[in-house]
Amino acid sequence: MAVDNALSSPLGPPACEKDAKALQFLEEMTRNADSVQEDVLAEILTQNSEVEYLKRFNLDGAIDRETFKSKIPMIRYEDLQPEIQRIANGDRSSILSAHPISEFLTSSGTSAGERKLMPTIKQELDRRQLLYSLLMPVMNLYVPGLDKGKGLYFLFVKSETRTPGGLLARPVLTSYYKSDHFKTRPYDPYNVYTSPNEAILCADSFQSMYTQMLCGLLEREQVLRVGAVFASGLLRAIRFLQLHWRELSDDIESGMLNKKITDPTVKDCMVNILKPNPKLAEFVRMECGKENWEGIITRIWPNTKYLDVIVTGAMAQYIPTLDYYSGGLPKACTMYASSECYFGLNLNPMCKPSEVCYTIMPNMAYFEFLPHEPAGMSQDSTPKLVDLADVELGKEYELVITTYAGLYRYRVGDILRVTGFHNSAPQFHFVRRKNVLLSIDSDKTDEAELQKAVENASQLLREFNTSVVEYTSHADTKTIPGHYVIYWELLVKDSANSPGDEVLNQCCLAMEESLNSVYRQGRVADNSIGPLEIRVVKNGTFEELMDYAISRGASINQYKVPRCVNFTPIMELLDSRVVSKHFSPALPRWAPERRR
């Protein structure tokens with residue numbers, strides 16, 4: 001389609017008039033980042049001027065940045081928990097937001113072992129949809145012809161609960177997929193999925209994955225991009241294909257849906273999609289029956305131009321495996337978002353994973369940045385927060401947000417590094433999640449939680465007069481799904497009464513029972529995390545680890561055992577000293593409980 005020159009974008013020639021308008025909006029927002037931010041804060045404070053939380057700090061209707069910063073404190077989730085609990089329990093007064101809280105979005109971050117509850121309002125769906133609407137116009141600048149085929153995306157809803165006051169509590173993507181914004185989205189030739197809504201919205205993860213994979217196989221030649229939210233999710237889909245290709249090819253050959261698929265809405269929609277295709281069934285059997293699965297994505301979906309998955313932060317550990325299965329296809333990280341807020345997008349989505357940077361959209365919320373000093377560096381006792389337009393190139397910051405839904409100067413916990421600017425809007429590289437030690441999927445385990453889990457599990461060793469001398473950990477992503485590996489060095493005081501395999505297996509389960517609800521949901525409901533493993537190492541192993549660190553320049557006085565290891569030589573040293581391996585023999589307890 002020819003595009004009016006007046007609507008052309010500095011980013012490049014838009015694919016269509018709709019794209020041109022989206023890119024023009026993006027330019028306007030980023031060109032005037034500071035004034036947009038000023039307006040956003042004024043709008044939030046005007047809208048919420050009478051809410052209980054803001055009145056507590058005597059803002060007295062002020063909407064300027066200086067007054068806001070001088071009177072409103074910077075907070076963490078725990079500071080807001082009493083207010084959130086009141087809302088969860090049914091208090092409908094204007095506590096945080098003048099608009100009614102429509103539901104809670106459950107964060108993958110946890111507090112006291114439970115998912116954090118993030119308040120949201122209906123109007124936020126429009127804001128999220130606005131950011132989604134910018135993704136394809138940007139992608140179309142880099143990958144032409146995406147309107148000529150479809151996307152095979154593995155998208156899932158997760159379990160939801162209700163708080164005692166009756167509000168829904170569910171992950172942000174489950175909220176979005178169940179909204180009319182997604183379910184009744186207008187047809188867009190640049191954004192057509194192979195997966196029908198019925199399959200995406202099926203609550204049974206096996207039936208949902210099976211149906212989405214089946215639809216992807218049926219339309220293998222139309223698929224131009226393959227994706228999931230996280231890299232780990234796409235690898236789970238490949239593993240699913242490895243386990244179920246025989247059943248899938250039987251369905252394709254016969255045109256009859258597997259009897260394990262019992263969801264009525266899924267069955268009804270598949271009647272119109274699934275027709276006998278013996279030739280395709282034979283192709284699937286031939287490709288999947290080969291021992292070597294290298295490049296399987298492009299072998300089955302030969303027209304795939306890129307993978308659409310998040311491979312930044314903890315997900316970077318999956319890049320080599322994705323490269324193996326895809327033959328090195330480009331990996332597009334398109335947007336940066338969380339339960340608290342949607343932040344921005346990647347204006348160069350086809351860049352290398354190590355070069356991914358996100359442009360913060362100044363209309364999404366009011367953003368501030370807390371200068372972050374690496375461990376050991378001096379940190380001001382009262383560091384001054386920096387505005388979006390005032391961050392400095394190369395510096396690292398912790399993200400602090402003020403949202404329309406009622407979070408004020410809230411520390412998100414993400415550490416970002418400024419890599420450049422698009423117009424006056426800064427671009428950030430996601431460095432890491434603050435304090436996270438281990439992560440396989442959406443789980444986030446910190447050092448204190450790991451310590452507590454080790455302490456709880458080691459109670460089982462007491463009757464054998466045995467204790468854990470030292471430990472470290474590793475997120476093993478060579479298996480699909482990945483799993484936690486904990487290295488233990490034991491002190492056995494009575495070799496005639498040392499703990500056996502069964503006891504150490506139970507220690508694995510005891511650790512899992514001690515970990516947070518997001519981890520346990522990943523193990524039980526989502527099948528996104530494998531059984532926890534304890535590897536017992538020889539006595540003296542951790543001394544060798546210290547010797548190695550000192551040989552590389554570490555100070556013997558300041559050396560501390562790392563509680564998580566990724567460096568290959570250290571991994572090799574640990575694995576060469578393993579004397580026994582033990583796995584959790586059962587699933588930990590987990591249920592989608594009502595929020596107290």
Side-chain angles (χ1 to χ4, degrees), residues 9-15 19 22-31 33 127-144 146 151 153 172-173 176 190-191 224-234 304-316 318-319 322-323 326 329-338 341-365 367 369 388 391 393-394 396-397 399 401 412 414-433:
S9 164
L11 288 166
D19 281 13
L23 296 173
Q24 188 179 45
F25 172 78
L26 201 155
E27 286 298 304
E28 286 170 6
M29 288 295 108
T30 56
R31 201 177 289 126
R127 228 176 307 281
R128 288 181 213 125
Q129 183 58 43
L130 178 61
L131 191 62
Y132 281 126
S133 73
L134 301 175
L135 302 183
M136 287 313 295
V138 171
M139 184 58 76
N140 291 336
L141 297 172
Y142 294 88
V143 185
L146 291 175
Y153 281 75
V172 63
L173 289 175
Y176 176 65
Y190 291 94
N191 209 4
L224 300 181
R225 51 207 172 105
V226 175
V229 178
F230 293 116
S232 55
L234 183 52
T304 308
K305 296 171 184 274
Y306 65 92
L307 306 180
D308 190 344
V309 284
I310 293 172
V311 288
T312 50
M315 289 296 130
Y318 295 105
I319 291 170
L322 282 176
D323 284 341
S326 73
L329 279 175
K331 288 159 285 294
C333 292
T334 56
M335 67 184 289
Y336 172 36
S338 76
C341 178
Y342 279 27
F343 305 118
L345 70 168
N346 182 0
L347 297 183
N348 183 13
M350 300 302 278
C351 67
K352 294 176 185 174
S354 60
E355 295 169 3
V356 169
C357 61
Y358 300 104
T359 303
I360 300 285
M361 287 298 289
N363 58 308
M364 299 304 293
F367 300 104
F369 298 86
L388 181 71
V391 296
L393 192 64
E396 291 186 2
Y397 300 90
L399 183 58
I401 59 170
V412 174
D414 289 357
I415 306 300
L416 309 175
R417 182 187 307 116
V418 185
T419 58
F421 291 82
H422 180 74
N423 296 323
S424 63
Q427 298 178 308
F428 294 92
H429 173 71
F430 179 91
V431 179
R432 61 184 171 85
R433 184 84 179 163

P362 and L388 have their tightest heavy-atom pair at CB-CD2, 3.9 Å
Is there side-chain contact between V356 and F430, with heavy atoms separated by less than 4.5 Å?
no
Closest heavy-atom contact between P144 and K305?
O-NZ, 3.7 Å
Between the side chain of Y142 and the main-chain N/O of L347, is any donor-acceptor distance below 3.5 Å?
yes
Side-chain donor/acceptor of S424 to backbone N/O of R31, under 3.5 Å:
yes
Indicate yes or no: at least one non-hydrogen side-chain atom of Y306 is less than 4.5 angstrom from one of L329.
no
Taking every heavy atom of M364 against every heavy atom of C341, the minimum-distance pair comes out as O-SG, 4.2 Å
Could you tell me if the side chain of V138 sits less than 4.5 Å from the side chain of L23, heavy atoms only?
yes
Nearest 0.5 Å please: distance from the CE atom of M136 over to the CG atom of L146.
4.5 Å
Return the minimal non-hydrogen interatomic distance between A22 and S133, and the atom names on each side.
CB-O, 4.3 Å
Go through D414 and F428 one step at a time and tell me if the side-chain contact (heavy atoms from CB on, under 4.5 Å) criterion holds.
CA-CA 11 Å; D414 289 357; F428 294 92; over 6 Å; no
Which atom of A231 lies closest to which atom of V311, heavy atoms considered:
CB-CG1, 3.8 Å
Are T334 and N346 side-chain neighbours, meaning at least one heavy-atom pair lies under 4.5 Å?
no
OG1 on T30 to CD on Q427, rounded to 0.5 Å
9.0 Å
side-chain contact (heavy atoms from CB on, under 4.5 Å) between K331 and D323: does it pass, once the steps are laid out?
CA-CA 9 Å; K331 288 159 285 294; D323 284 341; 2.5 Å; yes
Kindly indicate whether the side chain of L416, heavy atoms from C-beta on, has any atom under 4.5 Å from the side chain of Y358.
no
Do R225 and V143 come close enough that some side-chain heavy atom pair is under 4.5 Å?
no
Can you tell me how far CG of L130 sits from CG of L26, rounded to the nearest 0.5 angstrom?
9.5 Å
Output for pair (L134 CG, Q129 CD), nearest 0.5 Å, gives 10.0 Å
Assess whether side-chain contact (heavy atoms from CB on, under 4.5 Å) is satisfied between Y318 and I310, documenting all intermediate values.
CA-CA 10 Å; Y318 295 105; I310 293 172; over 6 Å; no
Residue pair F369, L399: steps toward the side-chain contact (heavy atoms from CB on, under 4.5 Å) verdict:
CA-CA 5 Å; F369 298 86; L399 183 58; 3.5 Å; yes
Over all heavy atoms of both residues, which pair between P353 and T312 is shortest? Give the atoms and the distance, please.
O-CG2, 4.4 Å
Between Y342 and Y132, is the ring centroid distance below 6.0 Å?
yes
If only side-chain N and O atoms count, and only distance matters, is there a donor-acceptor pair under 3.5 Å linking D19 with Y190?
no
Regarding H429 and E355, is there a side-chain donor-to-acceptor distance under 3.5 Å anywhere?
no
Contact check, side chains of F343 and L131, non-hydrogen atoms, under 4.5 Å
no
Side-chain heavy atoms of N423 within contact of M29, under 4.5 Å:
no
